[in-house]
Amino acid sequence: MESVVVWFRKGLRLHDNPALIKAIEHANAKSIPLAPLFVIDPRFAHSSFVGGNRYHFLLESLSDLDRNLKNKYQSKLIVLKGNPVQVFSDMFQSNHPFKVVKVFLESDTEPYALKRDSEIQKLAESFFVEIESFCSHTIFNPIQTIEENGGKPPLTYKSFEGLVYSKLRKIKALPSPDPSHFPSLPVISVSHEIPTLEEMGYSDSDVNFSRALHGGETIALETMEEYLKDHKKVVSFEKPQTSPAEWLPASTTCLSPYLKFGCLSPRLFAVRLLEIEKANPKHSKPPVSLIGQLLWREFFYTVAFGTPNYDSMELNPICRKFSWVSDDEELISKWELAQTGYPWIDALMTQLKTEGWMHHLGRHSVACFLTRGDLYCSWEKGAKVFDRLLLDADWSLNISNWLWLSASAFFHQYFRVYSPIAFPKKYDPSGKLVRKFLPQLSKFPDKFIYEPWKAPLKIQKECGCIIGKDYPLPIVDHALVSKQNISKHKLAYDNSDAPPSKKAKK
DNA sequence: TATTGGTTGCGGAA
DNA sequence: TTCCGCAACCAATA
């Protein structure tokens with residue numbers, strides 16, 4: 001018997017999922033089974049690419065999807081292991097139990113996915129299998145936005161907003177599938193269960209099981225609804241006013257990992273926000289409002305899709321070139337392992353490692369510190385660390401923000417440097433986040449919490465932590481190196497004969 | 001070609 | 001509390 005496949009990649013949800021809805025319609029029209037499929041590519045299950053927390057979050061999201069398919073739809077998630085091109089090549093063979101006639105999926109704009117999908121597209125054509133894709137990872141289709149902007153991606157948030165703003169009020173989310181009309185499963189003879197962490201090569205020590213954020217559509221929707229209950233908080237949200245020092249509860253929604261894996265539809269979130277804004281005419285506005293945050297995501301997805309070699313300083317045409325330090329391994333390692341001697345930076349990097357999450361402005365602090373602020377290390381290296389450790393690691397957004405923070409693109413006022421001391425003091429003079437993530441410093445008085453090396457030895461002894469022994473001395477003198485680095489950036493700006501974007505036009 | 005505005009810096013002066 | 005220097009940045013718009 002023939003069957004239809006809906007291939008989940010991102011978009012790990014049943015709500016507002018056009019590929020799923022269309023797959024169901026197609027299977028029902030032909031009276032054939034539907035296989036909800038996920039393909040695990042073992043290539044990525046490696047702790048040097050994807051950290052244990054992030055992989056665990058993925059497995060949790062798959063389990064939730066499987067559970068909901070079983071409980072509500074008498075179906076299940078079929079998980080196959082292998083290189084996706086090989087898996088589909090096998091699946092298209094006429095002797096395969098699925099006898100796939102059509103594949104439905106959500107389009108993915110990342111370079112890796114584009115290459116993979118074009119290979120599978122070619123393969124499908126040779127087997128006369130049709131693939132239909134839908135844009136649902138973002139609210140607006142980057143292809144269309146770039147077209148409407150004359151073939152180039154917009155390079156400022158404002159111009160992006162201008163392109164999509166009138167369309168925003170008209171968006172609608174799709175309902176979840178109707179349980180009484182859900183197609184049956186095809187007969188499967190091969191192993192198709194969700195693997196365990198151990199099977200994928202992770203050990204328990206790679207994962208913090210007691211971290212706060214856990215995967216799945218069910219938790220995603222609950223988290224969103226819980227957040228949206230407080231209308232006043234929702235309509236007065238202004239990102240720069242939220243604190244990077246707050247954790248449990250965080251000062252922001254913490255929905256980013258769910259948006260990354262598609263456990264939550266950005267369109268549904270936007271629709272719910274617009275409803276609440278409509279009922280509360282005095283609300284904050286983009287770019288700082290919650291809708292504004294979603295539009296930043298859309299903007300960065302659009303630029304990332306429309307710019308070649310986006311993740312490379314050398315080859316990305318909108319990226320300014322800097323002479324980052326070349327012997328950077330020890331510096332990057334100290335940064336990643338929370339050994340910089342700056343409590344604010346080390347606390348945030350510890351939060352990243354253990355929780356897989358950091359407030360946006362915390363990310364600014366540590367990214368600025370690694371690049372143009374203090375260590376002058378390449379943003380490409382920092383981006384790789386974030387990509388491995390963040391639950392919400394999202395290629396387009398991660399690269400965009402590193403370009404921004406290093407003043408390589410989008411942001412150019414390179415003399416605005418975050419201080420690892422003054423910046424946190426503004427939000428949290430008592431050092432809550434430092435005390436939480438760096439317990440060895442927890443007894444230091446507020447006065448010294450962001451610069452413990454300045455505490456007299458007597459106080460260090462009383463606090464049970466000798467700086468230089470129990471906690472490192474600062475690896476650089478921020479006041480000094482930040483000034484030197486501003487000069488380096490100024491030289492690089494002066495010496496480039498034209499801005500990167502103008503060079504690209506030549 | 002000039003003008004405008006830019007999610008989110010800091011430290012010191014008034 | 002607000003403004004200024006840092007040093008004159010960029011992309012989009014008119």
Side-chain angles (χ1 to χ4, degrees), chain A residues 145 148-150 152-163 165 236-246 251-253 256 283-300 302-303 306-307 317-322 344-345 348 358-369 371-374 397 400-428 450-451 477-505:
Chain A
T145 307
E148 286 169 11
N149 194 49
K152 293 174 303 188
L155 290 178
T156 63
Y157 177 87
K158 260 254 136 61
S159 59
F160 174 81
E161 198 189 274
L163 291 164
Y165 206 70
S236 62
F237 183 97
E238 291 189 359
K239 187 62 162 280
Q241 306 307 316
T242 62
S243 167
E246 302 293 323
S251 62
T252 51
T253 66
S256 54
H283 56 77
S284 59
K285 293 189 170 56
V288 296
S289 66
L290 281 165
I291 287 282
Q293 303 313 300
L294 282 172
L295 292 180
W296 277 103
R297 179 177 181 272
E298 300 282 321
F299 167 50
F300 283 147
T302 307
V303 199
T307 310
I318 67 165
C319 177
R320 197 172 280 269
K321 279 75 184 151
F322 297 109
W344 173 242
I345 302 299
L348 288 164
M358 231 194 266
H359 183 280
H360 184 61
L361 293 177
R363 301 181 196 201
H364 275 216
S365 293
V366 300
C368 185
F369 188 89
T371 60
R372 67 183 167 88
D374 295 79
L397 308 188
S400 299
N401 279 301
W402 279 95
L403 288 170
W404 184 292
L405 257 297
S406 58
S408 304
F410 309 117
F411 173 84
H412 313 280
Q413 284 142 313
Y414 51 82
F415 39 83
R416 293 188 187 172
V417 177
Y418 289 87
S419 158
I421 299 151
F423 186 72
K425 263 187 196 165
K426 201 167 51 183
Y427 287 99
D428 177 21
Y450 295 120
E451 34 194 349
D477 177 350
H478 171 77
L480 183 72
V481 296
S482 60
K483 280 202 188 76
Q484 293 170 346
N485 291 344
I486 288 173
S487 313
K488 285 187 197 171
H489 255 45
K490 176 175 163 41
L491 272 175
Y493 268 80
D494 289 350
N495 290 342
S496 57
D497 41 4
S501 59
K502 287 194 184 140
K503 272 192 213 171
K505 279 177 208 155

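Chain letters run A, B, ... following the sequence lines, proteins first and then strands; every chain starts at 1. Since the structure is predicted, the reported quantities are computational estimates derived from the model, not experimental observations.
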Open item on the list: Can you tell me which nucleotide in C/dA11, B/dT8, B/dG6 comes closest to the side chain of A/Lys158?
Closed with: B/dG6
Open item on the list: Could you check whether any side-chain N or O of A/Ser284 sits under 3.5 Å from a backbone N or O of A/Phe237, counting only pairs where one atom can act as donor and the other as acceptor?
Closed with: yes
TODO: Report the distance from atom CD1 of A/Ile421 to atom CH2 of A/Trp344, rounding to the nearest 0.5 Å.
DONE: 12.5 Å
Close N/O contacts between protein and nucleotides 10-14 of chain B (under 3.5 Å):
residue, atom, partner, partner atom, Å
B/dC10, OP1, A/Ser419, N, 3.2
B/dC10, OP1, A/Phe423, N, 3.1
B/dC10, OP2, A/Lys426, NZ, 2.9

Task: Approximate separation, where rounding is to 0.5 Å, of A/Ile291 CD1 and A/Glu161 CD - done: 10.5 Å
Task: Minimum-distance nucleotide to A/Leu155 side chain [options: C/dA12, B/dT7, B/dT8] - done: C/dA12
Open item on the list: Just the rounded figure in Å: distance from P of B/dG9 to NE2 of A/His412.
Closed with: 15 Å
Open item on the list: The side chain of A/Tyr157 is closest to which nucleotide in this list: B/dT7, C/dC10, C/dA12?
Closed with: B/dT7
Task: A/Phe410-C/dC10 aromatic stacking (under 5.5 Å, under 30°) - done: no
Task: Interatomic distance, A/Asn485 CG vs B/dG9 P [rounded to whole Å] - done: 18 Å
TODO: Go through the side-chain N and O atoms of A/His359 and A/Thr242 and say whether any donor and acceptor fall under 3.5 Å apart.
DONE: yes
TODO: Output the single nucleotide from B/dT8, C/dC9, B/dT7 whose closest atom is nearest the side chain of A/Trp296.
DONE: B/dT7
Open item on the list: Between C/dC10 and B/dC10, how many Å separate the two P atoms, rounded to a whole number?
Closed with: 23 Å
- [ ] Over 60° means perpendicular and under 30° means parallel, so classify the ring planes of A/Trp404 and A/Phe410, tilted if in between.
- [x] parallel
- [ ] Round to the nearest Å and state the distance from A/Phe160 atom CZ to B/dT7 atom C1'.
- [x] 15 Å
- [ ] Please tell me if the side chains of A/Val303 and A/Phe160 come closer than 4.5 Å, counting only heavy atoms from C-beta onward.
- [x] no
I'd like a table of atom pairs between the protein and nucleotides 5-8 of chain C - only N or O on both sides, under 3.5 Å - with the distance next to each one.
residue, atom, partner, partner atom, Å
C/dA8, OP1, A/Lys490, NZ, 2.2

- [ ] Give a yes or no on whether the backbone of A/Leu405 and the side-chain of A/Arg372 come within a donor-acceptor separation of less than 3.5 Å.
- [x] yes
TODO: Evaluate the side-chain proximity of A/Lys239 to A/Gln241: yes if any heavy-atom separation is below 4.5 Å, no if none is.
DONE: no
- [ ] Please examine the side chains of A/Val417 and A/Asn485, heavy atoms only from C-beta on, and report whether any two atoms are closer than 4.5 Å.
- [x] no
Open item on the list: Could you tell me if the side chain of A/Val366 sits less than 4.5 Å from the side chain of A/Met358, heavy atoms only?
Closed with: yes
TODO: Calculate the interatomic distance between A/His359 atom NE2 and B/dT7 atom P; express it in whole Å.
DONE: 17 Å
Task: Nucleotide of C/dT13, C/dC10, B/dG6 approaching A/Arg320 most closely (side-chain heavy atoms) - done: C/dC10
- [ ] With pairs defined as Watson-Crick or G-U wobble and both distances under 3.5 angstrom, please note down DNA chain B as a dot-bracket string, | for pairing with another strand.
- [x] ||||||..||||||
- [ ] Would you check if A/Leu163 and A/Pro154 make a side-chain contact, meaning some heavy-atom pair closer than 4.5 Å?
- [x] yes
Task: Whole-Å gap separating P (B/dT8) and NZ (A/Lys285) - done: 18 Å
TODO: Answer whether the closest heavy-atom distance between the side chains of A/Lys483 and A/Ile486 falls below 4.5 Å.
DONE: no
Open item on the list: So does A/Leu397 get a backbone contact from the side chain of A/Asn401, meaning a donor-acceptor N/O pair under 3.5 Å?
Closed with: yes
TODO: Look at all strands and tell whether A/Gln241 reaches a base, only sugar-phosphate, or nothing, counting heavy atoms closer than 4.0 Å.
DONE: nothing
Open item on the list: Say we look at C/dA8 and C/dA12: how far apart would their P atoms be, to the nearest angstrom?
Closed with: 24 Å
- [ ] Give the nucleotide from the list C/dC9, B/dG6, B/dT8 with an atom nearest to the side chain of A/Lys239.
- [x] B/dT8
Open item on the list: Whole angstroms only, please: what is the CD-C1' distance between A/Gln413 and B/dT7?
Closed with: 12 Å
Task: Nearest-Å distance once atom P is located in both C/dT13 and B/dT7 - done: 13 Å
Task: Between B/dG9 (P) and A/His489 (NE2): distance, integer Å - done: 15 Å
TODO: Round to a whole Å and report the spacing from NZ of A/Lys425 to P of B/dG9.
DONE: 18 Å
